[in-house]
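Just below is one structure, and these are the notes that go with it.
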Amino acid sequence: MTGFGRVDGSEGDWTWSVEARSVNGRNLEVRFRGPPGFDTLERHAKTSAQARLSRGQVTLGIQTRRELGAASLKVNQDILARYLSLANELAEEGATPPSADGLLSLRGVLEAPEEADDAEARAAVEAAMAATIDQALDALKLSRDREGGQLLPVIADFIARIDALTAQAETEAAAQTEAIRDRFTRRMTELAPDAPGLQDRIFLEAAALATKADVREELDRLAAHVASARTLLQQPPAGRKLDFLMQEFMREANTLCSKSATTALTGLGLELKAVIEQLREQVQNVE
């Protein structure tokens with residue numbers, strides 16, 4: 001979900017650069033920083049980003065520069081007169097008289113006309129900036145799509161590993177009932193070898209324990225989640241749905257570990273949790 005786009009633009013005596021960046025985020029959040037006096041650009045930037053993206057923290061910034069010729073500058077006569085009056089007083093006391101270029105360089109003497117004075121030109125600049133924002137967002141989306149294309153086989157590999165571990169867990173789970181019965185038989189025989197009806201009691205208790213340790217439902221749901229994840233990868237944008245699915249994956253893996261009656265099955269459950277967590281981290285990059 002990370003990406004970057006940059007586009008330069010110009011109109012009249014204005015030049016600018018638009019940069020669009022994005023990082024991971026559960027929802028879409030757009031932050032805009034534009035030049036003073038172009039307030040409507042923020043609304044355009046957010047609308048444009050929402051039309052192209054569905055997740056991520058997006059930052060849009062515009063750096064502007066305006067080239068003004070000497071003919072477009074004007075002298076503030078009131079401020080100049082004040083400077084001259086002060087300069088004359090200082091000159092009477094022995095100070096060096098000011099030069100023309102020195103006076104013109106003083107703050108406030110030269111002024112640039114406000115862009116607002118020419119509404120048509122300002123509107124043209126604003127429209128050109130808006131078009132550049134769109135181009136920068138297109139470049140950002142292209143960058144994110146490129147990253148997503150590289151990420152797809154990585155995510156598919158994690159899903160395949162979960163599928164393989166689930167299959168191994170199904171094989172191991174089939175031996176749980178026998179393992180529970182053998183363990184319970186040994187303990188009961190050690191504690192009460194001559195108790196009447198021992199075999200019947202062993203059978204009933206072992207059956208009850210095996211029922212509590214039955215993980216077939218969890219394994220079935222894991223298999224169903226694997227199928228759902230593969231389907232979602234073919235139906236973008238699917239980032240939020242995959243986020244939710246990761247929670248379901250982890251819930252089943254946790255239950256599998258808690259019900260496990262063998263070291264081997266517990267080991268598979270722990271490995272499943274590790275792979276699911278790795279997949280969850282990658283899913284944060286999915287649009």
Side-chain angles (χ1 to χ4, degrees), residues 1-25 28-53 56-144:
M1 202 180 300
T2 58
F4 177 80
R6 175 188 169 98
V7 178
D8 298 326
S10 63
E11 176 70 25
D13 51 18
W14 286 86
T15 58
W16 60 85
S17 296
V18 179
E19 289 188 358
R21 307 170 184 267
S22 72
V23 296
N24 294 346
L28 180 63
E29 179 182 350
V30 182
R31 300 173 182 172
F32 178 79
R33 184 178 67 258
F38 293 88
D39 299 333
T40 60
L41 288 177
E42 180 173 6
R43 183 170 61 252
H44 175 84
K46 292 184 176 181
T47 301
S48 184
Q50 291 168 357
R52 292 166 171 79
L53 310 169
Q57 295 182 1
V58 179
T59 301
L60 274 163
I62 304 181
Q63 297 291 331
T64 61
R65 183 179 180 183
R66 189 181 182 191
E67 297 291 345
L68 293 174
S72 63
L73 299 175
K74 64 180 182 180
V75 177
N76 188 317
Q77 297 294 340
D78 291 337
I79 293 179
L80 178 60
R82 294 175 190 174
Y83 280 131
L84 283 172
S85 176
L86 180 60
N88 290 332
E89 293 178 6
L90 293 174
E92 292 176 357
E93 297 177 3
T96 303
S99 62
D101 58 342
L103 286 170
L104 292 176
S105 66
L106 293 173
R107 183 176 180 180
V109 175
L110 289 179
E111 293 180 338
E114 294 293 332
E115 181 71 15
D117 293 342
D118 189 345
E120 183 177 348
R122 189 176 186 82
V125 171
E126 192 163 349
M129 286 184 180
T132 309
I133 289 173
D134 293 342
Q135 295 169 14
L137 286 170
D138 286 338
L140 172 64
K141 187 176 186 306
L142 181 62
S143 174
R144 286 168 49 133

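Everything numeric here is computed off the predicted structure, so don't read it as measured data.
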Check: P35 and Q63 side chains under 4.5 Å, non-hydrogen atoms: no
Audit row: F32, T59, side chain to side chain contact (heavy atoms under 4.5 Å, CB included) steps and yes/no: CA-CA 6 Å; F32 178 79; T59 301; over 6 Å; no
Closest approach of S22 to V58 (non-hydrogen atoms, all atoms of both residues): CB-CG2, 4.0 Å
Where S48 and D134 come nearest, the two heavy atoms and their spacing: OG-OD1, 2.8 Å
Within-4.5 Å side-chain heavy-atom neighbours: R21 and L60: no
Derivation and outcome, side chain to side chain donor-acceptor pair (under 3.5 Å), residues T2 and R144: CA-CA 6 Å; T2 58; R144 286 168 49 133; over 6 Å; no
Donor-acceptor under 3.5 Å (T15 side chain, E11 main chain): no
Nearest heavy-atom neighbours spanning G3 and S143: CA-OG, 3.4 Å
Criterion side chain to side chain donor-acceptor pair (under 3.5 Å) on T47 and R43, from CA distance to verdict: CA-CA 6 Å; T47 301; R43 183 170 61 252; over 6 Å; no
Non-hydrogen side-chain atoms of L80 and N76 separated by less than 4.5 Å: no
Within 45° cone and under 6.0 Å: R122 NZ/CZ vs F38 ring: yes
Check: K141 and L53 side chains under 4.5 Å, non-hydrogen atoms: yes
Over all atoms of both residues, closest heavy-atom pair of W16 and S10: CH2-C, 3.5 Å
Shortest non-hydrogen separation from L137 to A20 and the atoms involved: CD2-CB, 4.4 Å
Gap separating the NE2 atom of H44 from the CD atom of E42, nearest 0.5 angstrom: 12.5 Å
Heavy-atom closest pair, residues V30 and K46: O-CE, 3.6 Å
